[in-house]
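As structure tokens, the structure follows; a few thoughts come after it.
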Amino acid sequence: MSDITPEIVAEHGLNAQEYDRILAALGREPNLVELGIFSVMWSEHCSYKSSRRHLKKLPTTGPQVICGPGENAGVVDIGDGQAAIFKMESHNHPSYIEPYQGAATGVGGILRDVFTMGARPVANMNALRFGRPDHPKTRHLVSGVVRGIGGYGNCVGVPTVGGEVNFHSAYDTNILVNAMTVGIADTDKIFYSAASGVGNPIVYVGSKTGRDGIHGATMASAEFGEDSEEKRPTVQVGDPFTEKLLIEACLELMASDAIVAIQDMGAAGLTSSSVEMATNGEVGIVLNMDAVPCREEGMTPYEMMLSESQERMLMVLKPGREDMARAIFEKWELDFAVIGEVTDTRHMVLTWQGETVCDIPLGPLAADAPNYDRPHVPTPKPEPLTDIPESDDIGADLLKLMASPDLASRKWVWEQYDHMVMADTVQRPGGDAAVVRVHGTNKGLAITTDCTPRYCKADPVEGGKQAIAEAYRNLSAVGAKPLATTDCMNFGNPEKPEIMGQFVGCIEGMAEACAALDMPIVSGNVSLYNETTGADGKATPVLPTPAIGAIGLLDDIETMATVAFKAEGEGIFAIGETYGDLGQSLWLREIHGREDGPPPSVDLYQEAEHGEFVRSLIGSGLLTSVHDVSDGGLLVAIAEMALSGNIGAQLTAAPFHGYDPRHWFSEDQGRYVVTTRDFYNLQQTAFIARIPVTLLGFTGGDFIGFSSMRGISLDDLRAANESFFAELMER
């Protein structure tokens, strides 16, 4: 009688059909170690079994791309023999269960993805989604996640330079924590994961293996239920000080010629790292489990292979380089152990106490893993917004919007992050994109994260387009040429056709935008099953959230633009067309409590044209401040610029024939608010380029107002804008 019962198979997150595939692949019953390895490699988190056929639709190549998806992180050329290496990943389920460690180890994991490839990390970003502010767990989750991100990034010495934080009831029981890291490497010193060289030693470096995080990948590939708190042991525990040592040790060894291949131990730990290295190199591996450094007594091969203990790496070295490598890691007080070698069998073989405890062909584990064509139905197009409400006082509306959770100042958040460590941050949090100097040069990398989930729910295709387009605008608004993107695809249960339809729709929109804006996706992560079944038996999915991280290049940081008004008496202009669509706008939701209508449409030709125009104006020095128009529309963008520069704005209603909220609060795409001292030159340049430009008013004073409307003082706006987080966290 087999030791593997249907109950044990189910506990490993495998269905009966998948178990039959395992039997066919092995030609026999698996033992528990082998079943555990199949379970994590075939988990949604590792295999992308519901998504990878659709991910292939995304553009991933371009003249700037050195390495696209498939490695630890994406690599793009930034000139002068240098490359930017970057990626974004999710740590959603762990952060809900244990917010501090979940968020901290999310940062640690994405840092390893980047320095594994030979890059020194230079910046961290994040994209966070929480439930409604008055939910009983929100304050606890916000506090833990922010402290976890800050605690890890600050201690490891990499600046956290920006991100986004949003709130919605759809995230009440399933928050999203997406972490992004950017690093810099020389193009001739990039390291990959493909193992090669039969007989070459496989070495384990970093921290010892413990029992934390076992089945983490499986947990991240399932819905939550009432027992989510019981999954706390599946959350990893991080040590940023060890990570710092690991960064320095790896970079020191990378300066030699000892490394053949390198892979971090992330999700599924030693299993995924060894399988991916062997699969990418089309070789086999044998590992001696007796040699794995363990910090707990009596650990079994099952536990060692499935542990997700942090701060660990796997390497293939050139023969004879073991002693030199060992000396480096022991100098940095890290474990170093030769635990196996490369073979030509294309099998994963594990030995323990003199016996073979696992022998699996590698093909079925990775390349031939399940690849499902899940049924999917498109999201019905929302009805047009016909009963458009009016506003009695757009000034009062602005005050309420600036105090709302989605627009309130994030100062409370980013003040807990060290955003100046390494001394290369030249644009701090609070603008459209962060900018860090490429050390030793005058070049700058612009970095942003963005997504508007309410658009994606209403119309996934347009929402997918908009997520890429807004990232493009954020980079353009600081003067950077957009280069490439990474994504973090956060969705509910893919076995539900309507959820799978959201995923497919967002991919379609993203693919179209990436192609039109020359922003290929070079890395990313898929996080599905982000929904929770409540006591009533109903499952609540998160909003479809294809979070986008993007980078751009400034040839000279001296030309960089910022959002702050710089002086009084400058002209305030809108670049781009205002149509007045209020569907899915924050104004409609926050002022009138409605989430309906279609989201604003995205004209990708105009996005490209307007972005290029704005970048050229910034490069010529014609503009004094720039801000892209997004949540809240024109009036919110102007208020943010005024607060940032502590200079007011005197606006005219003439361009829009009055104070209709459709013009001031619509979220029409492809727009920027800019200021200039040279009104005539801007208008002439725009006329020649056939770009719509509208004079909105002039900078000056200590309030925002119209000629015939009572102004709102900057003090009142600032108090409203900074009240939300103070009240939430001191409640």
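Residues: numbered from 1 along the sequence shown. Values reported hereafter were calculated over all heavy atoms of this structure, with side chains retained and with hydrogens, waters and symmetry mates removed. These numbers come from a predicted model, not from an experiment.
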### Task
Could you pull out all residues at least two apart from Asn72 that satisfy side chain to side chain donor-acceptor pair (under 3.5 Å)?
Gln263
### Task
With sequence neighbours left out, write down each residue that passes side chain to side chain contact (heavy atoms under 4.5 Å, CB included) with Ala103, or none if nothing qualifies.
Ser95, Val145, Ile149, Val177
### Tyr455 six-ring face occupied by Lys465 cation (under 6.0 Å, within 45°)
no
### For Asp264, side chain to side chain donor-acceptor pair (under 3.5 Å) partners two or more places apart
none
### Task
List for me each residue that meets side chain to side chain contact (heavy atoms under 4.5 Å, CB included) alongside Ile78, sequence neighbours excluded, and say none if there are none.
Gln82, Ala84, Ile184, Val438, Lys443, Leu445, Leu483, Leu553
### Task
Applying side chain to side chain contact (heavy atoms under 4.5 Å, CB included), name anything that partners His627, two or more places apart in sequence or on another chain.
Asp432, Val563, Ala637, Glu640, Met641
### Task
Could you pull out all residues at least two apart from Arg52 that satisfy side chain to side chain donor-acceptor pair (under 3.5 Å)?
none
### Under the salt bridge (Lys or Arg N to Asp or Glu O under 4.0 Å) test, residues paired with Asp335 that sit two or more places apart
Lys208
### Task
List in chain and number order the residues that pass ring-ring contact (aromatic ring centres under 6.0 Å, His included) with Trp412, two or more places apart in sequence or in another chain; answer none if no residue qualifies.
Phe725
### Message
Glu303: which residues meet the salt bridge (Lys or Arg N to Asp or Glu O under 4.0 Å) condition with it, sequence neighbours left out?
### Response
Arg211
#### Entry: Contacts of Ile66 that satisfy side chain to side chain contact (heavy atoms under 4.5 Å, CB included) - sequence neighbours left out
Val75, Asp77, Ala83, Thr187, Ile190, Tyr192
### Task
Using the salt bridge (Lys or Arg N to Asp or Glu O under 4.0 Å) rule, collect all pairs that involve residues 161-184, keeping only residues at least two apart or in two chains.
Arg129-Glu164, Arg132-Asp172
### Task
Could you tell me which residues satisfy salt bridge (Lys or Arg N to Asp or Glu O under 4.0 Å) with Asp628, sequence neighbours excluded, listed by chain and number?
Arg473
